[in-house]
Amino acid sequence: MSENGSTGKSTAAPMVKAEAVHKSFGPVQVLKGIDLEVAPREVFCIVGPSGSGKSTFLRCINHLEKINAGRLYVDGTLVGYREHGNKLYELRDREVAAQRRDIGMVFQRFNLFPHMTAVENVMEAPVLVKRESKAKAQERARALLARVGLSDKADSYPSQLSGGQQQRVAIARALAMEPKLMLFDEPTSALDPELVGEVLDVMRDLAEDGMTMIVVTHEMGFAREVGDSLVFMDDGVVVEYGNPRDVLTNPQHERTKSFLSKVL
């Protein structure tokens with residue numbers, strides 16, 4: 001959603017483009033025609049109440065959920081489908097997996113392999129998917145763990161790590177595939193309050209390095225300080241969009257005002 005130039009980060013083609021995206025689970029419409037664009041290097045924050053469709057939209061971007069109508073593009077490529085004669089044909093699993101390599105995702109829950117050390121968790125995908133040598137993958141994994149402040153925990157198992165440390169390992173694991181886009185689905189919501197800051201600090205560093213990020217979050221301070229754009233979603237639609245500082249201090253829609261009055 002950079003067409004109004006509010007981010008000042010890039011005039012290039014959008015990294016993510018959603019056109020009239022709809023998603024239903026049975027009779028329940030969860031996304032009701034989402035249109036938005038995310039520019040390269042942009043930090044795009046999505047806020048809203050539970051059940052508004054935020055996480056579902058995020059999962060549609062890497063085809064963890066299949067959309068029912070509309071189009072989703074990442075870096076100019078249609079996600080999950082090929083188009084032929086104005087019809088969409090779903091890609092094979094192998095082709096979808098290839099698309100996902102470029103999209104890192106960090107979930108609420110850390111989903112680390114419990115039987116692997118931190119460095120082994122980070123090495124796993126480059127070795128299995130990219131066929132990197134174990135030596136090269138381990139060198140990069142240790143460098144990524146250092147980047148997220150966990151050099152001294154590389155040989156620890158998840159059960160030996162705090163929630164915040166586990167989430168930082170999960171971020172390093174996503175970065176190991178050298179993604180062009182990072183998706184964060186409420187990455188701090190499962191953490192004790194005192195551990196939230198260490199994860200947000202890593203995300204700030206990624207933003208400063210120019211990583212394109214879409215962040216579903218309840219952390220309004222992070223959205224205000226780090227975000228380039230902010231969307232408020234409710235009931236499957238985009239209610240309000242703009243500069244995070246503007247939306248959070250001077251919301252234009254009554255529904256946004258009501259939501260922010262409860263969380264700020």
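Small disclaimer: the values here were computed from a predicted structure and weren't measured.
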All N/O donor-acceptor pairs, side-chain side in residues 178-187, below 3.5 Å, sequence neighbours left out:
{"from": "E178", "atom 1": "OE1", "to": "K130", "atom 2": "NZ", "distance (Å)": "3.2"}
{"from": "K180", "atom 1": "NZ", "to": "D75", "atom 2": "OD2", "distance (Å)": "2.8"}
{"from": "D185", "atom 1": "OD1", "to": "S55", "atom 2": "OG", "distance (Å)": "2.6"}
{"from": "D185", "atom 1": "OD2", "to": "S55", "atom 2": "OG", "distance (Å)": "3.2"}
{"from": "E186", "atom 1": "OE1", "to": "H218", "atom 2": "NE2", "distance (Å)": "3.4"}
{"from": "E186", "atom 1": "OE2", "to": "H218", "atom 2": "NE2", "distance (Å)": "3.4"}

What donor-acceptor contacts under 3.5 angstrom involve side-chain atoms of residues 142-158, with partners at least two apart or in another chain?
{"from": "R142", "atom 1": "NH2", "to": "D155", "atom 2": "OD1", "distance (Å)": "3.0"}
{"from": "R147", "atom 1": "NH2", "to": "D209", "atom 2": "OD2", "distance (Å)": "2.7"}

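Taking 4.5 Å as the limit, some side-chain heavy atom of I103 sits within range of a side-chain heavy atom of V74. Using a 4.5 Å cut-off on side-chain heavy atoms (C-beta onward), Q99 and N62 make no contact. Taking the side chain as every heavy atom from C-beta outward, I214 and E42 never approach each other to under 4.5 Å. Within the 4.5 Å cutoff, the side chain of H22 has no heavy atoms near those of the L31 side chain.
Cation-pi check for K23 over F25 is met; the charged atom lies under 6.0 angstrom from the ring centroid and within 45 degrees of its normal.
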E65 vs R59, test: salt bridge (Lys or Arg N to Asp or Glu O under 4.0 Å). Steps then yes/no. CA-CA 6 Å; E65 299 289 355; R59 292 170 64 84; 3.5 Å; yes
Report the C-alpha separation of E225 and R204 in whole Å, then their side-chain angles, then the decisive distance to 0.1 Å, and conclude whether the salt bridge (Lys or Arg N to Asp or Glu O under 4.0 Å) test is met. CA-CA 9 Å; E225 295 163 34; R204 280 189 189 89; 3.1 Å; yes
Take R71 and E83 through the salt bridge (Lys or Arg N to Asp or Glu O under 4.0 Å) test and state the conclusion after the steps. CA-CA 10 Å; R71 305 280 192 279; E83 194 163 8; 2.8 Å; yes
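Between the side chains of T188 and Q167, no donor-acceptor pair of N or O atoms lies under 3.5 Å. Looking only at atom types and distance, the side chain of Q29 has no donor-acceptor partner in the side chain of S24 under 3.5 Å away. For the residue pair S258/K262, the side-chain donor-acceptor check at 3.5 Å is satisfied.
Enclosure of atom NZ in K257 by more than 12 non-hydrogen atoms of other residues, nucleotides or ligands within 6.0 angstrom is indicated. Within 6.0 Å of CG on N250 lie more than 12 heavy atoms contributed by other residues, nucleotides or ligands. Taking a 6.0 Å sphere around CZ of R245, one finds it holds more than 12 heavy atoms contributed by other residues, nucleotides or ligands.
Salt-bridge formation is detected for the pair R140/E132: a Lys NZ or Arg NE/NH1/NH2 atom is positioned less than 4.0 Å from an Asp or Glu carboxylate oxygen.
The aromatic rings of H63 and Y81 stand perpendicular to each other, their planes meeting at an angle above 60°, with 30° marking the opposite boundary.
H115 and E120 make their closest contact through O-OE1, 4.4 Å (heavy atoms, listed as atom of the first residue, atom of the second, distance). The two residues M177 and P126 make their nearest non-hydrogen contact at SD-N, 3.8 Å.
Checking side-chain atoms of E240 against main-chain N and O of Q252 turns up a donor-acceptor pair under 3.5 Å.
Both F107 and I46 are members of a single hydrophobic cluster when ILVMFWY side chains are connected at heavy-atom separations under 4.5 Å. Note: the hydrophobic cluster containing L64 does not contain V96 (ILVMFWY, side chain heavy atoms under 4.5 Å, direct or indirect links). The hydrophobic cluster containing V199 also contains V106, counting ILVMFWY residues as joined when their side-chain heavy atoms lie under 4.5 angstrom apart, directly or transitively. Note on V30 and V239: separate hydrophobic clusters, where clusters join Ile, Leu, Val, Met, Phe, Trp and Tyr whose side-chain heavy atoms are under 4.5 Å apart, directly or indirectly. In terms of hydrophobic clustering, with Ile, Leu, Val, Met, Phe, Trp and Tyr side chains grouped at heavy-atom distances under 4.5 Å, L112 and M203 are assigned to a common cluster.
Partners of E139 under the side chain to side chain contact (heavy atoms under 4.5 Å, CB included) rule, at least two apart in sequence or in another chain, do not exist in this structure.
For the side chain to side chain contact (heavy atoms under 4.5 Å, CB included) test with V247, the passing option among V231, V47, T256 is T256; the others fail. With F232 as reference, R255 is the one residue of R255, K54, H253 to meet the side chain to side chain contact (heavy atoms under 4.5 Å, CB included) rule.
Taken to the nearest 0.5 Å, the CD atom of E219 stands 9.0 Å off from the OG atom of S189.
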